[in-house]
Amino acid sequence: MRFTRSRRAPVGALRAAACVAVAVAVAVAVTGPAAAAASPPSRSPGGSATLRAYAADTWRSMTAMTDPATGLPADKITGDLKTAATMTSPTNIGAYLWSTLVARDLGFISARDAAKRVGRTLGSVGRLERHAPDGQFYNWYDPKTLKLVTVWPEDGSTVKPFLSSVDNGWLATALMMVRTAVPQEKARAERLLAGMDFRAYYDPVAATNGTGLLRGGFWPQDPAPTCSIKADYLGTGTEVSQTCHTYGSPGETRIASYVGIARGQLPPQHYFGLLRTLGDDGCSFGWQEQRPPGTFQTHLGIRTYEGTYGYRGMRLVPIWGGSMFEELMPDLFVPERSWAARSWGRNHPVFVAAQIEHGLREAKYGYWGFSPSNDPYGGYRAYGVDAIGMQSDGYPSDEEGTLVDYGYEGCREAAPEPASYGDGIVTPHASFLALPYASRAALGNLAGLRRDFDAYGPGGFYDAIAVRSGKVSKFYLALDQGMIMAALGNELAHGNMRRYFAAGEAEHRLRPVLGLEEWDVVPPSPAARARLGLE
């Protein structure tokens with residue numbers, strides 16, 4: 001699963017692509033000039049001061065949920081910062097590592113303290129049980145004992161050891177950053193990173209255009225607890241149970257692809273096997289949200305369909321479920337705004353504008369920012385803007401699960417437009433992700449959430465707010481707080497998160513691949529921008 005508040009249900013975009021018989025694995029040697037574009041600082045001194053205060057409080061939650069002896073964070077902590085969960089994941093550990101870099105860069109802790117904290121965490125990571133020979137980390141550990149979680153603490157059920165491509169992708173991202181940002185720990189971070197082989201998840205013939213795709217992960221032990229496919233692990237003759245799904249849409253899961261390409265473990269052609277959209281003909285593609293106009297383009301010898309969806313006067317490349325973190329979390333570290341200036345760099349601001357349009361004008365919540373988060377009514381749930389997600393039954397923005405269905409001409413009848421939307425679930429981390437693309441609107445949205453709801457505590461913004469009922473999920477999640485810290489690190493420290501990641505192999509292997517595409521994106525009109533408060 002992807003980020004795992006629950007071990008049972010993936011948070012999102014997991015649709016298996018059809019397999020074909022031809023694998024493409026052509027290595028490409030590429031180089032490029034060094035420089036990751038910095039994010040612009042906050043637009044005003046007042047804005048900078050506000051964001052700095054948010055960062056200080058968010059850092060307080062990260063330290064509160066981290067075991068002082070092991071340096072490993074819990075998955076979440078209660079809003080009073082007193083009761084932490086008894087499990088952690090590779091993603092959570094990565095989030096703590098990059099948050100520590102932000103805290104140092106903003107002066108909350110000294111460079112010496114930061115190095116000590118990073119060293120403690122890496123020392124514990126080095127003691128965690130890993131899967132051999134790929135060196136990947138399992139999905140759940142006890143942050144105090146460092147042991148694998150085999151019994152789920154919430155209900156006492158058995159946990160089957162699982163290895164997730166995306167969770168390992170976020171930890172690898174943090175290790176790549178540490179090499180650059182903390183020279184004292186470069187060697188240790190590199191040793192941990194060197195053992196992580198992302199080929200363990202790679203299905204070389206899974207994409208519709210003949211390239212490979214990453215599986216969600218695998219269970220090394222049988223029987224697997226859910227749908228799985230028996231596979232020969234890395235050609236060793238050892239059988240494992242892979243997930244039935246592959247990551248065929250470039251959501252936040254693309255970070256594992258980015259890391260694998262940057263490390264030279266995955267062919268660059270793999271990136272073009274990820275679906276921008278499916279084609280616009282035939283009912284076999286009729287499960288997608290809209291019929292997407294577009295054209296086929298060829299990159300590195302791979303024929304890729306580049307289509308777009310329309311939404312209230314805009315056109316954009318959809319993300320699987322229509323959520324903010326699917327679109328923007330990788331952009332916290334990979335400088336997509338500059339490296340993919342004609343694709344992601346065009347798409348991100350339109351996607352943010354679409355989320356704002358939905359929250360303020362379509363659903364009329366008065367607030368915006370829809371992304372997987374804790375549910376104020378209990379549990380964890382995936383939220384988004386269904387209309388800008390690829391799947392026809394994508395992520396809703398409200399508790400009631402209100403969706404749209406525009407139909408698919410000749411294949412699927414359209415459903416009536418929703419008469420109204422219910423209790424919208426807004427998560428603050430979505431506004432922080434939007435800062436580079438809608439700074440004034442994001443600051444205003446956060447200020448409104450804090451003013452109008454009991455949405456702020458000792459560790460910063462609580463995880464989610466139901467904006468019609470006023471219910472608040474008073475928890476802090478390591479993943480979501482880590483996204484906030486990274487966003488503020490870029491905003492207040494001139495893009496340091498991206499610079500730390502972009503050094504070395506990412507610059508040479510990944511950047512040229514991301515620069516090849518040009519997406520036919522249509523931004524909101526000037527009148528719409530003014531209406532939405534976009535600068």
Side-chain angles (χ1 to χ4, degrees), residues 2 10 13-30 131 133-136 163-170 172-173 196-220 227-279 296-306 320 330 334 340 343 390 505-506 509-514 516-517:
R2 303 211 290 192
L14 314 175
R15 192 171 193 98
C19 292
V20 296
V22 181
V24 180
V26 181
V28 175
V30 287
H131 187 257
D134 56 75
Q136 298 284 300
L163 297 109
S164 161
S165 56
V166 182
D167 279 285
N168 275 280
W170 291 119
T173 295
M196 300 178 73
D197 190 345
F198 283 84
R199 292 177 301 168
Y201 308 107
Y202 188 59
D203 184 335
V205 293
T208 56
N209 61 1
T211 69
L213 293 174
L214 293 178
R215 294 276 167 190
F218 64 90
W219 296 266
C227 177
S228 62
I229 297 172
K230 299 298 182 185
D232 181 1
Y233 167 71
L234 284 174
T236 62
T238 301
E239 191 176 75
V240 299
S241 298
Q242 294 180 331
T243 59
C244 289
H245 67 266
T246 54
Y247 290 124
S249 173
E252 92 289 350
T253 58
R254 66 187 181 275
I255 194 63
S257 298
Y258 287 167
V259 168
I261 292 169
R263 297 288 293 168
Q265 295 170 354
L266 301 178
Q269 287 85 352
H270 154 63
Y271 178 64
F272 299 106
L274 300 173
L275 295 168
R276 282 59 178 156
T277 64
L278 287 168
F296 280 98
Q297 302 295 329
T298 300
H299 307 289
L300 302 181
I302 303 301
R303 192 167 180 258
T304 301
Y305 188 78
E306 295 178 1
W320 181 257
V334 181
S343 54
M390 186 187 294
E505 66 261 59
R509 293 196 182 105
L510 181 60
R511 180 177 183 172
V513 176
L514 297 187
L516 293 174
E517 287 184 286

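Since we're looking at a predicted model, the values are computed, not measured.
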Please report the interatomic distance [atom1]([X]) to [atom2]([Y]), rounded to the nearest 0.5 Å.
| X | Y | atom1 | atom2 | answer |
| --- | --- | --- | --- | --- |
| T304 | L274 | OG1 | CG | 9.0 Å |
| D167 | T253 | CG | OG1 | 11.5 Å |
| H131 | Q136 | NE2 | CD | 10.0 Å |

Going by heavy atoms in the side chains, are [X] and [Y] under 4.5 Å from each other?
| X | Y | answer |
| --- | --- | --- |
| Y202 | S257 | no |
| M196 | V259 | no |
| H299 | E517 | yes |
| V240 | L163 | no |
| D197 | P133 | no |
| S228 | Q242 | no |
| L510 | Y271 | no |
| L266 | I261 | yes |

Check your understanding: Does G251 offer a backbone N or O that forms a donor-acceptor pair with the side chain of R254 under 3.5 Å?
Key ->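 Yes, R254 side chain to G251 backbone: donor-acceptor pair under 3.5 Å.
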**Study point:** Side-chain donor or acceptor of S165 paired with backbone N/O of Y201 under 3.5 Å
**Key:** no
Taking all non-hydrogen atoms of both residues into account, name the closest pair between [X] and [Y] and its distance.
| X | Y | answer |
| --- | --- | --- |
| S241 | K230 | OG-NZ, 3.0 Å |
| F198 | L214 | O-CD2, 4.0 Å |
| R215 | C244 | NH1-O, 2.7 Å |
| G216 | T243 | N-OG1, 3.0 Å |
| A262 | A506 | CB-CA, 3.8 Å |
| T246 | A206 | CG2-CB, 4.0 Å |

Point to revise | Centroid-centroid distance, H270 to F272, less than 6.0 Å | key: no
Review point. Would Y305 and L278 count as a side chain to side chain contact (heavy atoms under 4.5 Å, CB included) if you check the C-alpha gap in whole Å, the side-chain angles of each, and the deciding distance to 0.1 Å?
Key: CA-CA 7 Å; Y305 188 78; L278 287 168; over 6 Å; no
Review point. Does the cation-pi check pass for R511 over Y258, that is, NZ or CZ under 6.0 Å from the six-membered ring centre and within 45° of its axis?
Key: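 Ring-cation test returns no.
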**Study point:** Steps toward side chain to side chain contact (heavy atoms under 4.5 Å, CB included) verdict (V334, L514)
**Key:** CA-CA 10 Å; V334 181; L514 297 187; 3.8 Å; yes
Point to revise | side chain to side chain contact (heavy atoms under 4.5 Å, CB included) between F218 and D134, worked out | key: CA-CA 12 Å; F218 64 90; D134 56 75; 3.8 Å; yes
